[in-house]
Amino acid sequence: MSGERYNPRESEPKWQKVWDERQSFVTANDDPREPYYVLEMFPYPSGRIHMGHVRNYSMGDVVARYHRAKGKNVLHPMGWDAFGLPAENAAIERNIHPGTWTYSNIEAMKKQLKSMGLSIDWTREIATCSPDYYRHQQAMFIDMLEAGLATRKSSKVNWDPVDMTVLANEQVIDGKGWRSGAPVEQRELTQWFFKIADFAEELLSALDGLTDWPEKVRLMQRNWIGKSEGLRILFEILPNGKNDANSVEVFTTRPDTIFGASFIALSPDHKLSAALAAGNPELAEFIAEFHRQGTATETLEKAEKKGIFTGLTVKHPVIEGATLPIYVANFVLMDYGTGAIFGCPAHDQRDLDFARKYDLPVIPVVLPPGADPASFTVADEAYMEAGTIFNSAFLDGLSIDEAKREIGEYFGARLVEGKPQGAVEINYRLRDWGISRQRYWGCPIPVIHCQVCGTIPVPKKDLPVVLPDDVSFDKPGNALDHHPTWKHVDCPQCGGAARRETDTMDTFVDSSWYFVRFTAPDADTPTIPGIADRWLPVDQYIGGIEHAILHLLYSRYFTRAMKATGHVGLDEPFKGLFTQGMVTHETYKSETGEWVAPVDIVFDTNGEQRLARHAANGAPITIGSVEKMSKSKKNVVDPDEIVAGYGADTARWFMLSDSPPERDVQWTEAGVEGASRFQQRVWRLVQDIVGIAKQSPDVVAENDANALGLRKIIHRAIAGVGEDIEDLSFNRAVARIYELTNALAKAKDSGANDPAMAMALTEGITALILLINPMMPHLAESCWEALGKQGLVADASWPEVDPALLVDDAVTLPIQINGKRRAEINVAKGLPAPEVEALVLALEPVQKALAGSTPKKIVVVPDRIVNIVV
Ligand code: ANZ
Ligand code: ZN
């Protein structure tokens, strides 16, 4: 029997079937045990899982299985982020309905995930494209509309003229649509928005409480929300006979640099710009050109700083008799601050680039520490660090912060047109969330436009607004809009002819609450608040860093919106967040420079170096750098092939073992081989120890030093692996398991004739199987069975740690009472005096000697002796 190899191809499907039949991972909401919710970011059903999924779900499964073994009621669900553009593209390319494509992908990927042996409650599966899901999203949209959390407003959008849809700023790359590559246009459209900007301060300050999130993610969110404290300053426009406006208001975060001002710049979208353009063709053309270019932040940051002088000037607010010219400039955005700035070239890079181009003065007003005020100048690089204010009259000698305060008070006390010239203002970069998409494959926005009644929500009794099935994608644009009948409806209010909204929701809405829906996936209402609140927040959320900003921020907002509309009772959806690293692989190129996939390569060596050849024709291949697995570089490994070849446990083990989980892990053949060998090694060890255990009688020899030594190793491993899993340090847990395995293998021969050792070995192998179970659950079940254990290891408890066995390198301290040795105590080496003292005072012989009185004096010499004077 011990010669038999472990065969994952047989055992893995077998155990998966057993778990399925016994519903091992189905979670009941009314289970009285402590709840624990672990969730991995749900996948987009693209068709196949990739190694990134394998890594992500392996980690989540370890956490789920561990907490289940610790006696908790674990919720570990899975679903599909199933709306989105790729389904529509598939529809266009292959003439297949987006729903058909999506559901067949879900089918295929679910099969793949099942082959990984994940402990998922599949009875809670959700697909966001199902009307059973999106009807509730529509209901919540209506609630949000009624609560003033959603609104309709006109706004400038990035319009992709080829895909015929609105793009988010992040989807505009170098001024072009991320999918179509077409130059993006600016359009003014009426869109639906969630008013996330109203929550900016709340979303920002609550980040402080998310102590179980990576600091990096919190920082990214802080920057995204982008709070800045500044001043609005009114500048008086000097009359030139043509202008109607008397003043222009700017927003600045650096009022301390006011003496360095050399121009005013307006956004091309500023109303004064438009007014001036009416009589100025050159300016009109500049503004038109600006609109052709797109206003995605990235485009603007890269574009050359350009402007046009308007002919107007303002009075310098702090230098008597001086004036500043007003420009219209392409780098000033209308939707930030006031859409107008004062430029201080010496201390702002954009302003400096602009000043050099148009020959405007560069006046330094912040002196770097140690610099000479007489000679300090700014050339091509603005000085943006700390320093002392100079060249600034009454601000001279102040620090930046002092000067900000001083000038704030100065402007606050002066009046322009009857108003204070300066007012403190807090600004956020966070903008309202535009959710309208001109696409078919999304959640229909449940409103109806009536000429008489206006825009009104669909009555809740008429939900869901279901997507029509009979659509065609033969024209670009929104298939919903092209549908001959769908949008023509009667107004629910007046009964007259009306038009259904044909925009659908941004798919980020779908993913902003799926974690709540998992808690009651079959409820008739979006949530069952009591149940949602019992499970939430998610204890451990795991996913990619690429979702650090939008998905997490939207989910945090949406949870608050759900609270405001009575669907949940909490603010923060995710207590613990973990962002895992990527899976990388070597890249390979043929002699002609084409990428070659790892499966098409064979390796050998010339003694010094690895050499690669093409498997088909032996042609030499260059081994390139290690990169994130991607189809474009062909350096991908298909999880199906790994599972078919080595088994799921090997893939899971390797994913967890090789690197800290937050870092990238490099997939290598050698690594996988190693994981596979370890699996066989555990299997053999079980066979060997089962043999020994059967021969030995059930006795515990307390004084057997070898057995005690082994038991210490076992219990240290149990304690350590538990801690490591709780810290998500999976690679460290794996390292400890290797150590334990080595110790058991080394000890096993002495078990044959030493009953105490045989007992310790049995304890050790049982613990080992329980410890590997979260990572290699199929192997663990097979070993459990081989050990003759009852039931499934999936249902077994985490092994108990005997704290006495964790005490390392104990020392025996003699205890003297009034100079006479009365007792002794075993304590850990290096245990500090106060702790020794507490233990000593609790000892029976000591208590007897004291007979209720307090000792006059206790002297503890750590690791040596304890003296008590009574
Ligand atoms: C004068 C100044 C002097 C500025 C200086 C900076 C440095 P943050 O901190 O990111 O919020 N600004 C204001 N409104 C703007 C708009 N609509 N479009 C483009 N730029 C705008 O940025 C605030 C600074 O960005 C403001 O402070 C303003 O330039 C500019 F040495 O005012 B500052
Ligand atoms: Zn009507």
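Numbering starts at 1 and runs along the sequence shown. All ligand and atom numbering here is 1-based and tracks the order in the structure.
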Do the side chains of [X] and [Y] get close enough for a salt bridge, i.e. N-O under 4.0 angstrom?
| X | Y | answer |
| --- | --- | --- |
| E572 | R556 | yes |
| D160 | K176 | no |
| E188 | K156 | no |
| D348 | R254 | no |
| R292 | E289 | yes |
| R437 | D506 | yes |
| E285 | K306 | no |

Are any of the N/O atoms on [X], whether in the backbone or the side chain, positioned under 3.5 angstrom from an N/O atom of ligand 1?
| X | result |
| --- | --- |
| S228 | yes |
| L333 | yes |
| T257 | no |
| D351 | no |
| T252 | yes |

Name the closest protein heavy atom to [atom], giving the residue it belongs to and the distance to 0.1 Å.
| atom | answer |
| --- | --- |
| atom 19 (C) of ligand 1 | F331 O, 3.3 Å |
| atom 9 (O) of ligand 1 | T253 OG1, 3.4 Å |
| atom 11 (O) of ligand 1 | Y336 OH, 2.3 Å |
| atom 6 (C) of ligand 1 | D348 OD2, 3.4 Å |
| atom 28 (C) of ligand 1 | F251 O, 3.8 Å |

Open item on the list: Does only the side chain of I341 get under 4.0 Å from ligand 1, or the backbone, or both, or neither? Count heavy atoms.
Closed with: side chain

Task: D481 and its salt bridge (Lys or Arg N to Asp or Glu O under 4.0 Å) partner, picked from R499, K487, R439 - done: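 Going through the options one by one, the only one that passes is K487.
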
Using a strict cut-off of 4.0 Å, indicate which atoms of ligand 1 neighbour a heavy atom of [X].
| X | answer |
| --- | --- |
| R429 | 8 (P), 10 (O), 11 (O) |
| V332 | 16 (C), 17 (N), 18 (N), 19 (C) |
| H347 | 5 (C), 7 (C), 31 (F) |

Open item on the list: For Q451, I'd like to know if atom CD has over 12 heavy atoms of other residues, nucleotides or ligands within 6.0 Å.
Closed with: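 Check fails, neighbour count at 12 or below.
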
Task: Within 6.0 angstrom of E215 CD, more than 12 heavy atoms from elsewhere - done: yes

Open item on the list: Tell me the angle that SG of C491 and SG of C453 form around the Zn ion (ligand 2), rounded to 10°.
Closed with: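 Between SG of C491 and SG of C453, the angle at the Zn ion (ligand 2) is about 110°.
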
Task: Option with minimal heavy-atom separation from atom 7 (C) of ligand 1, where the choices are R350, K227, R254 - done: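 Looking at heavy atoms only, the winner is R254.
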
